[in-house]
Engineer: 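Please read through the structure below; I'll follow up with questions.
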There are 2 protein chains.
Amino acid sequence: MYVNTKFVLRYTNHDFQFWIYLCKRMKKNTTIKDIAKLAGVSIGTVDRVLHNRGRVSKKALEKVNQALKELEYTPNPIARSLRNNVVYTVQILIPDPKKDPYWLPCMQGVTELIEEFAAFHLNFAVHTFDPSKPQSFSNMGNKLLELGPDAIMFVPLFGKESTQLQKQLFKRDIVSITFNSPIKDHFHHHVGQDLFLSGRVGAKLVSGLVKAPSQLAIIHVEEAYNNAAHMQEKENGFRSYFQEEETGYDIKTLTLKTKEIREQFDKVVQTHPEIEAYFVTTSKTYEVANALTQLGIRKAVIGYDLIPNNVSCLQKNQIQFLIHQAPKKQAYLGLRSLVEKLLFNKELAKVELLPIDIINSENVKSYL
Amino acid sequence: MYVNTKFVLRYTNHDFQFWIYLCKRMKKNTTIKDIAKLAGVSIGTVDRVLHNRGRVSKKALEKVNQALKELEYTPNPIARSLRNNVVYTVQILIPDPKKDPYWLPCMQGVTELIEEFAAFHLNFAVHTFDPSKPQSFSNMGNKLLELGPDAIMFVPLFGKESTQLQKQLFKRDIVSITFNSPIKDHFHHHVGQDLFLSGRVGAKLVSGLVKAPSQLAIIHVEEAYNNAAHMQEKENGFRSYFQEEETGYDIKTLTLKTKEIREQFDKVVQTHPEIEAYFVTTSKTYEVANALTQLGIRKAVIGYDLIPNNVSCLQKNQIQFLIHQAPKKQAYLGLRSLVEKLLFNKELAKVELLPIDIINSENVKSYL
DNA sequence: TAAAAAAATGTGTACGTTAACACAAAATTT
DNA sequence: AAATTTTGTGTTAACGTACACATTTTTTTA
């Protein structure tokens with residue numbers, strides 16, 4: 001990232017790669033002053049070149065550019081931030097954690113980042129929307145646009161509405177990043193997980209717990225909002241594993257509605273007693289686990305997310321594995337990328353995929 | 001951490017906790033100037049009070065302290081760092097990655113951190129020692145002491161030698177942090193994993209793969225260096241799980257020597273064909289997996305660390321699970337804590353325990 | 001009581017970047 | 001040709017902290 005400090009990375013056994021690295025970094029920080037001196041102009045002129053502020057003769061421009069090239073100048077972000085009275089505003093839009101506890105960790109991730117960058121001139125505001133109402137998302141999105149922030153991070157829970165917001169942001173040159181839910185037309189930046197791969201991870205876990213031949217079920221729990229794409233990716237991954245790696249498993253896909261989940265699931269168990277393992281593609285995993293427990297049936301259950309209900313089932317061994325989507329980490333890293341873009345002009349990655357954490361009753365403590 | 005910036009954390013539904021947070025943070029940064037003004041003295045006097053440099057009258061001292069209390073002053077680390085000509089030196093001592101690939105990621109973690117803090121006045125030097133020679137550790141340790149660094153991070157691979165180094169560091173008031181290998185007498189700071197818990201995680205994974213009644217084996221691979229404590233903690237955790245949570249499993253503990261591992265292990269398989277699962281407490285897990293493959297036997301194998309040999313076995317399904325000790329993350333976080341202590345006087349945690357990552361053939365890609 | 005010494009306090013400058021400002025030279029317009 | 005605008009350039013004052021040095025005040029000594 002920023003190279004402008006003196007340091008030594010020594011490698012006792014003279015590993016060459018590390019020596020090169022060392023040498024490259026050991027040079028003294030070049031400042032705007034050095035550039036000015038070498039180019040034979042004043043620092044004011046250098047600054048005008050650096051910021052494209054015009055009022056520079058062709059001759060001076062060339063000399064400065066030459067000097068810049070020779071000395072590999074990188075601005076000192078510390079000095080810049082100290083001097084700069086520019087206060088960047090970052091708006092954050094996430095689903096209301098009160099409607100779905102899954103989003104609570106995002107708040108924590110955001111808070112953590114804010115504290116970390118407290119020394120810089122940044123202005124954050126967190127806004128929430130109702131995850132069951134696309135209209136709520138659109139409304140808040142428009143409000144944020146009116147505030148004219150320098151950057152926005154949001155959860156693109158609704159495909160159409162998100163794309164629309166994205167277009168507006170693009171038009172206004174507002175840097176943006178999304179996290180958690182993937183968005184189809186991504187000419188933008190995103191932090192998330194490879195959902196297809198996470199489906200495969202679930203499949204592998206199931207195949208370890210339940211030996212072939214066996215009947216498996218994928219359970220989609222339909223939320224009020226449409227995260228069908230999300231669930232479908234997981235299903236595709238899950239199925240791909242069994243198609244490519246193992247034989248002897250038969251897989252059913254069942255879709256349940258959140259509100260009638262108990263009745264519907266009881267029916268599933270009655271009509272398909274042969275199902276040995278359930279792979280639930282949402283954080284509603286505990287619903288399946290609880291239903292099975294009440295029916296007095298022990299089957300393998302694998303699902304998503306460390307929300308309290310799921311963790312509780314995990315610890316009672318009613319769920320064998322959970323896949324952790326790490327919302328806190330996603331929010332933290334997304335916001336961090338955004339801030340580093342603003343402050344240090346660090347390039348934003350198109351997509352940043354986080355590791356897929358496997359959680360069981362034992363390591364769960366170490367993640368909370 | 002540092003509170004001195006203006007920002008707003010708004011929570012649309014007026015969650016009170018977040019409002020309080022917001023209010024607390026919204027106040028303007030107080031500077032040394034504000035203090036001076038309120039106390040009716042010059043900034044020089046305030047500075048002398050802040051740094052206990054003496055030459056301040058009792059009256060002035062009181063006034064300044066009063067002002068400091070009233071305005072909740074926190075120094076701006078940015079400005080401090082810009083001004084400060086103090087260059088902190090940080091020495092790092094880790095086992096030579098050429099002798100054991102496990103340590104290579106540490107180098108990467110260190111490098112990453114160095115780049116991140118490039119804008120500050122820091123001076124890093126990485127040194128290595130031979131993980132099979134305690135003498136090598138002691139020698140390098142003494143050399144580092146002579147260099148008189150401001151902080152040291154090291155891997156306390158050898159108990160006795162590490163404690164000795166620790167004492168010297170303590171005597172000289174050098175901030176230090178250890179990582180990866182736990183050290184017994186820890187009046188110091190440490191980043192690592194709960195090894196007992198990681199043993200339990202392994203046990204839980206085994207119990208999912210192999211149904212009771214069944215025979216299990218814990219394999220310790222003795223390294224040239226003594227990490228017996230390390231392995232013992234994992235064994236204790238492993239056994240505790242089966243004592244407390246499940247019945248019907250019989251567990252054998254076997255200790256093999258690295259050099260004669262093949263012959264020794266073949267004997268184990270011959271004399272104990274009933275063993276259904278192997279829990280290997282070191283990164284030499286691939287040795288067990290390879291031996292089993294050559295003998296044409298399929299058993300459950302669970303072990304430690306994402307070194308290339310292990311990953312390769314994992315992908316060929318010769319190892320079912322690996323527990324990731326995240327050496328890169330450990331090195332990165334340890335060094336980061338150290339640096340933040342030096343630059344921002346942030347308090348060092350006594351112990352920082354990282355999550356215990358479970359890796360299978362599918363999610364392994366997302367960790368590399 | 002004056003001079004010298006000691007103590008207390010204030011001032012100025014630097015860190016590197018940024019941008020307003022001043023000023024001269026060149027290019028236009030009147 | 002004079003007046004005005006445009007353009008190019010250098011100077012300087014912040015941002016907040018830290019410390020050397022200058023200055024003032026107080027105390028001690030002769």
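We name chains A, B, ... by the order of the sequence lines, and we start the count at 1 in each one.
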Engineer: Within less than 4.0 Å of OP1 or OP2 of C/dT17, is there a side-chain N or O belonging to A/Ser81?
Structural biologist: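 For C/dT17, OP1/OP2 do not have a side-chain N/O of A/Ser81 under 4.0 Å.
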Engineer: Rounded to the nearest angstrom, tell me the gap between atom CG in B/Asn76 and atom C1' in D/dC15.
Structural biologist: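 Going from CG in B/Asn76 over to C1' in D/dC15 covers 9 Å.
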Engineer: Of the nucleotides D/dT17, C/dT9, C/dG16, which one has an atom closest to the side chain of B/Ile32?
Structural biologist: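 Of the options given, the side chain of B/Ile32 lies nearest D/dT17.
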Engineer: Using the side chain to side chain contact (heavy atoms under 4.5 Å, CB included) definition, which of the options B/Ile177, B/Leu144, B/Leu165 pairs with B/Phe154?
Structural biologist: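 The side chain to side chain contact (heavy atoms under 4.5 Å, CB included) with B/Phe154 is passed solely by B/Leu165 among B/Ile177, B/Leu144, B/Leu165.
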Engineer: Looking only at the side chain of A/Leu82 (C-beta and beyond, no hydrogens), which of the listed nucleotides D/dC15, C/dT18, D/dC19 gets closest?
Structural biologist: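 In terms of side-chain proximity for A/Leu82, the closest of D/dC15, C/dT18, D/dC19 is D/dC15.
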Engineer: Which nucleotide, D/dG10, C/dG16, D/dT11, lies nearest any side-chain atom of A/Ile43?
Structural biologist: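 Closest of the options to the side chain of A/Ile43: D/dT11.
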Engineer: Whole Å only: how far is the CZ atom of B/Arg55 from the P atom of C/dG10?
Structural biologist: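 So the two atoms are 15 Å apart, to the nearest Å.
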Engineer: Can you tell me if A/Asp150 uses its side chain to pair, donor with acceptor, with the backbone of A/Thr89 under 3.5 Å?
Structural biologist: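 Yes.
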Engineer: With respect to the phosphate group of D/dA18, does any side-chain polar atom (N or O) of B/Arg80 fall under 4.0 Å of OP1 or OP2?
Structural biologist: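 For D/dA18, OP1 or OP2 has a side-chain N or O of B/Arg80 closer than 4.0 Å.
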Engineer: Please check the phosphate of D/dC19 (OP1 and OP2 only) for any side-chain N or O of B/Arg48 closer than 4.0 Å.
Structural biologist: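 B/Arg48 to D/dC19 OP1/OP2: no side-chain N or O under 4.0 Å.
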Engineer: Could you check whether B/Lys58 pairs with B/Glu62 (Lys NZ or Arg NE/NH1/NH2 to Asp/Glu carboxylate O, under 4.0 Å)?
Structural biologist: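 No salt bridge links B/Lys58 with B/Glu62.
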Engineer: How long is the line joining OH of B/Tyr73 and P of D/dG16, in whole Å?
Structural biologist: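 Rounded to the whole Å, the gap is 10 Å.
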Engineer: Hey, is the side chain of A/Thr45 poking within less than 4.0 Å of OP1 or OP2 on D/dG10, counting only N and O atoms?
Structural biologist: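 So the side-chain polar atoms of A/Thr45 do come within 4.0 Å of the phosphate oxygens OP1 or OP2 of D/dG10, strictly under.
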Engineer: If the cut-off is 4.0 Å, is B/Ser42 near the phosphate of C/dT11, judged by side-chain N/O to OP1 or OP2?
Structural biologist: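 Indeed not, no polar side-chain atom of B/Ser42 lies that close.
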Engineer: According to a strict under-4.0 Å criterion, is A/Lys33 in side-chain N/O contact with OP1 or OP2 of C/dT17?
Structural biologist: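 No, outside the criterion.
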Engineer: Could you give the NE2-to-C1' distance, from B/His51 to D/dA20, as a whole number of Å?
Structural biologist: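 So the two atoms are 15 Å apart, to the nearest Å.
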Engineer: Please list, chain by chain and in numerical order, all residues satisfying side chain to side chain donor-acceptor pair (under 3.5 Å) with B/Gln168, sequence neighbours excluded.
Structural biologist: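 Expected list: B/Arg172.
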Engineer: Between P on D/dT7 and NZ on A/Lys59, what's the gap in Å once rounded to a whole number?
Structural biologist: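 Taking atom P of D/dT7 as the reference, NZ of A/Lys59 is at 18 Å.
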Engineer: Starting the side chain at C-beta, find the nucleotide from D/dT17, C/dG10, C/dT18 nearest to A/Asp47.
Structural biologist: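 Minimum distance to the A/Asp47 side chain belongs to C/dT18.
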Engineer: Whether the side chain of B/Arg83 and the base of C/dG16 hold a donor-acceptor pair under 3.5 Å is what I'd like checked.
Structural biologist: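 There is none.
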Engineer: Tell me what B/Leu50 touches on the nucleic acid: a base, only sugar-phosphate, or nothing, going by heavy atoms under 4.0 Å.
Structural biologist: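 No contact at all - B/Leu50 keeps every heavy atom at 4.0 Å or more from the nucleic acid.
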